[in-house]
Amino acid sequence: MATGRARRLPAAAAVLALAALAAGCADVEGLRGYGSHGELRAPLSLWASATPAPARPGQTPNTPTRVDVPPVPSGDMREADALAVVKADVAAAARADGGKGVLVDRRAPALLATCRGEECPVRPPVHHDLTGDGKPELITAVDLDGRVSELRVYTARDTRVTRVLARRAVLEATEVAAGHLTVREPTSNPDFVSVSEYVWDGTQMSLGGLTLDDCPALKKADEPCPRSEL
């Protein structure tokens with residue numbers, strides 16, 4: 001029986017995983033479970049002299065980005081048209097991305113271009129205060145193929161709608177607690193899920209913790225997984 005115990009990643013694996021997630025380039029299948037076999041050894045650095053160029057502005061999906069939709073004078077994202085926000089954001093990200101699939105999955109613009117209302121593959125909007133200003137943000141996701149989704153979080157900054165989190169993932173479970181947004185994803189080890197916790201850093205939703213957990217996917221809304229040791 002799953003106990004909901006969180007397991008911290010080995011130091012080397014945690015550093016690599018955090019770096020990949022922060023860059024927006026993590027495998028949508030989540031982390032690879034390291035299992036209980038084999039001896040942990042210090043990593044062997046490959047191509048130590050080769051370093052990537054820093055990302056240019058707008059080159060990473062988590063860059064806070066203003067969305068070209070009507071402003072929200074109250075700052076309460078419940079007043080925004082959630083579907084219009086997602087459509088405008090995805091279309092603009094696709095143009096900026098130039099079809100590379102970095103800022104947004106290449107399938108998303110086509111899925112949203114002509115759909116209307118409930119036929120759109122966009123999850124019902126959820127509103128929670130994630131920034132601590134007493135006004136709720138908009139949390140939603142575009143379901144791409146029945147498995148992979150584009151998770152998006154929007155806030156109103158100076159009345160203008162702004163995306164503050166973009167994450168492509170297999171959303172096995174998504175939770176909000178104490179203003180933190182937690183995403184659970186499957187790993188290659190069926191006994192564990194990866195748990196990413198996003199927190200407001202004053203500018204955007206940043207990765208604040210990463211663990212492996214043996215709590216399974218949520219089955220019922222009234223039986224949440226125990227909070228991970230983050």
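Residue numbers start at 1 and run along the sequence shown.
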Review point. Passes salt bridge (charged side-chain N to carboxylate O under 4.0 Å, His left out), E185 versus R167? Steps please.
Key: CA-CA 12 Å; E185 301 175 72; R167 173 76 189 279; 2.4 Å; yes
Check your understanding: Does the pair V195 and E172 meet the rule for a side-chain contact (heavy atoms from CB on, under 4.5 Å), with working shown?
Key -> CA-CA 10 Å; V195 183; E172 185 159 312; over 6 Å; no
Practice item. Start with the C-alpha gap between T131 and D133, add the side-chain angles, then the distance that decides, and say whether side-chain hydrogen bond (donor to acceptor under 3.5 Å, both in side chains) holds. Key: CA-CA 6 Å; T131 64; D133 65 356; 3.1 Å; yes
Check your understanding: Passes side-chain contact (heavy atoms from CB on, under 4.5 Å), V161 versus R66? Steps please.
Key -> CA-CA 6 Å; V161 175; R66 185 168 289 181; over 6 Å; no
Review point. Run the side-chain contact (heavy atoms from CB on, under 4.5 Å) check on I139 and L130 step by step: do they pass?
Key: CA-CA 10 Å; I139 309 167; L130 299 175; 3.8 Å; yes
**Study point:** Stepwise side-chain contact (heavy atoms from CB on, under 4.5 Å) test for T162 and T65
**Key:** CA-CA 5 Å; T162 303; T65 302; 5.7 Å; no
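Using a 4.5 Å heavy-atom cutoff, the side chains of T203 and P64 are in contact. With a 4.5 Å cut-off on side-chain heavy atoms, Y154 and V164 do not count as touching. Within the 4.5 Å cutoff, side-chain heavy atoms of P136 are placed close to those of R78. Contact check for R152 versus R163: side-chain heavy atoms found under the 4.5 Å cut-off. Contact check for L112 versus V142: side-chain heavy atoms found under the 4.5 Å cut-off. In this structure, the side chains of D129 and E137 come closer than 4.5 Å at one or more pairs of heavy atoms.
Of all non-hydrogen atoms in P71 and R160, the two that sit nearest each other are CB-CD, 3.9 Å. Contact between S194 and T187 at its shortest, heavy atoms only, is N-CG2, 3.6 Å. Between A88 and V67, the shortest heavy-atom distance links the atoms CB-CG1, 3.8 Å. When all heavy atoms are compared, the tightest approach of R168 to L103 is NH2-C, 4.4 Å. Residues A84 and V69 approach most closely at O-CG1, 3.9 Å, considering heavy atoms.
For the atom pair NE2 of H127 and NZ of K135, the computed distance is 14.5 Å after rounding to the nearest 0.5 Å. Here the CD atom belonging to E150 is positioned 12.0 Å from the CZ atom belonging to R123, to the nearest 0.5 angstrom. In this structure, the separation between CG on L83 and CD on E118 is 10.5 Å, given to the nearest 0.5 Å. Note that the CG atom of L165 and the CG atom of N62 stand 5.0 Å from one another [nearest 0.5 Å]. With values rounded to the nearest 0.5 angstrom, D213 atom CG is found 4.5 Å from R184 atom CZ. The line from OH of Y198 to CG of L181 is 8.5 Å long, rounded to the nearest 0.5 Å.
Counting non-hydrogen atoms of other residues, nucleotides and ligands closer than 6.0 Å to CG of D158 gives a total of 12 or fewer. When the shell of 6.0 Å around CG of D201 is examined, it contains more than 12 heavy atoms from other residues, nucleotides or ligands.
Just one of V90, T140, D143, L111 meets the side chain to side chain contact (heavy atoms under 4.5 Å, CB included) condition when paired with V122; it is T140.
K87 places a side-chain N or O within 3.5 Å of a backbone atom of C115 that can act as its donor or acceptor partner. A donor-acceptor contact shorter than 3.5 Å is absent between the side chain of E79 and the backbone of D76. Remark: side-chain polar atoms of S149 are not paired, donor with acceptor, to backbone N or O of L151 under 3.5 angstrom.
Under the 4.5 Å side-chain contact rule for hydrophobic residues, V176 and V199 do not share a cluster.
For R106, there are no side chain to side chain contact (heavy atoms under 4.5 Å, CB included) partners two or more places apart in sequence or in a different chain.
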